[in-house]
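Accompanying notes for the structure given below.
Residue numbers start at 1 and run along the sequence shown.
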Amino acid sequence: IGPETMRSLPYTSHFGFGFGFFFFIFLRCLSFFFLRFSMEVPDAADDRPRDDEIMAQQYAIRAEEAEKLPFIGDKEELSTLSSEYKLGNPVFKEKIEKLGETYGALRRTRGDGNCFFRAFMFSYLEHILETKDETEVERVLKKVDQCKQTLLNLGHAEFTFEDFFAVFIELLEAVLPGRESSISMDMLVERSRDQVISNYVV
């Protein structure tokens, strides 16, 4: 620190070099203290979880709750749904009454993000099993062959999708009666609850 700096400090001309010098050191030490204190005390915002961490936690909670339910539930009377919404939204109650005019039962599916596709596929296979509609099975098998060829034409390697189609075709052919591989309704429910089979079909 030069003399010019010392002379610019307050009270230097009246009280001498010593006071100004120690006053300057005092200010430097004070600023250093506050700087270090601010570095050591963590910002409260740093302790808050990030958005991606919150979303991951919410997804983990939903997944844990979903695993408590089977992929495909047992058949229930539609009246059980009515009782659940007895004190609920009038719009829901009205829609449940409309469903009762066409359907007599329901099956619940696991709410894991694939519930619609899982419910649709089970309902479709259940329909084939009950109607014994071989024409529909043949139609779908042709569509499967066309889909496989389309994937090949687009450059996809066959090993990347052949297992999924194989599981679906096996289950589709099994719901037709009169074959060695034919299955009952109970077996269809059991296979639809198998994680590997259910996910491959979806």
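Here OG of Ser198 is found 9.5 Å from CE of Met121. Values are rounded to the nearest 0.5 Å. Rounded to the nearest 0.5 Å, atoms CG (Leu176) and OG1 (Thr131) are 8.5 Å apart. Taking CZ from Phe168 and CD from Glu173, the interatomic distance works out to 10.0 Å, rounded to the nearest 0.5 Å. How far OH of Tyr103 is from CD1 of Ile96: 14.5 Å, rounded to the nearest 0.5 Å. The CZ atom of Arg179 lies 6.0 Å from the CD atom of Glu134; values are rounded to the nearest 0.5 Å.
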- Apply side-chain contact (heavy atoms from CB on, under 4.5 Å) to the pair Glu170 and Ser181, showing each step before the final yes or no. CA-CA 9 Å; Glu170 180 181 350; Ser181 60; over 6 Å; no
- Where do Leu171 and Ile183 land on the side-chain contact (heavy atoms from CB on, under 4.5 Å) test, with the steps shown first? CA-CA 9 Å; Leu171 194 57; Ile183 60 176; 4.0 Å; yes
- Query: Could you go step by step and tell me if Ile72 and Glu126 meet the side-chain contact (heavy atoms from CB on, under 4.5 Å) rule?
  - Reply: CA-CA 12 Å; Ile72 299 294; Glu126 183 183 41; over 6 Å; no
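Residue-environment remark: CD (Glu162) exceeds the threshold of 12 foreign heavy atoms within 6.0 Å. Heavy-atom contacts from other residues, nucleotides or ligands closer than 6.0 Å to CZ of Phe161 number more than 12. The neighbour count for Leu87 CG, taken as heavy atoms of other residues, nucleotides or ligands under 6.0 Å away, does not exceed 12. The neighbour count for Asp51 CG, taken as heavy atoms of other residues, nucleotides or ligands under 6.0 Å away, does not exceed 12. Environment of OH in Tyr124: crowded, with over 12 heavy atoms of neighbouring residues, nucleotides or ligands closer than 6.0 Å. Remark: Met55 CE is loosely packed, at most 12 non-hydrogen atoms of other residues, nucleotides or ligands lying under 6.0 Å away. Within 6.0 Å of CD on Glu53 lie more than 12 heavy atoms contributed by other residues, nucleotides or ligands.
In the hydrophobic cluster analysis, where Ile, Leu, Val, Met, Phe, Trp and Tyr join through side-chain heavy atoms closer than 4.5 angstrom, Ile197 is grouped apart from Leu69. Hydrophobic cluster membership differs between Phe122 and Leu106, with clusters built from Ile, Leu, Val, Met, Phe, Trp and Tyr side chains linked at under 4.5 angstrom. A continuous path of ILVMFWY side-chain contacts below 4.5 Å connects Leu188 to Val196, so both sit in one hydrophobic cluster. Val201 and Phe117 are assigned to two separate hydrophobic clusters, defined by single-linkage of ILVMFWY side chains at heavy-atom distances under 4.5 Å. In terms of hydrophobic clustering, with Ile, Leu, Val, Met, Phe, Trp and Tyr side chains grouped at heavy-atom distances under 4.5 Å, Val202 and Leu125 are assigned to different clusters.
Counting heavy atoms from C-beta outward, Glu101 and Glu97 have side chains that stay 4.5 Å or more apart.
A cation-pi arrangement is not found for Arg193 relative to Phe71, the charged atom failing to lie both closer than 6.0 Å to the ring centre and inside a 45° cone about the ring normal.
Ring geometry, Tyr200 versus Phe164: the interplanar angle falls from 30° to 60°, so the pair is classed tilted.
Side chains of Gln149 and Asn153: a donor-acceptor N/O pair is present below 3.5 angstrom, by distance only.
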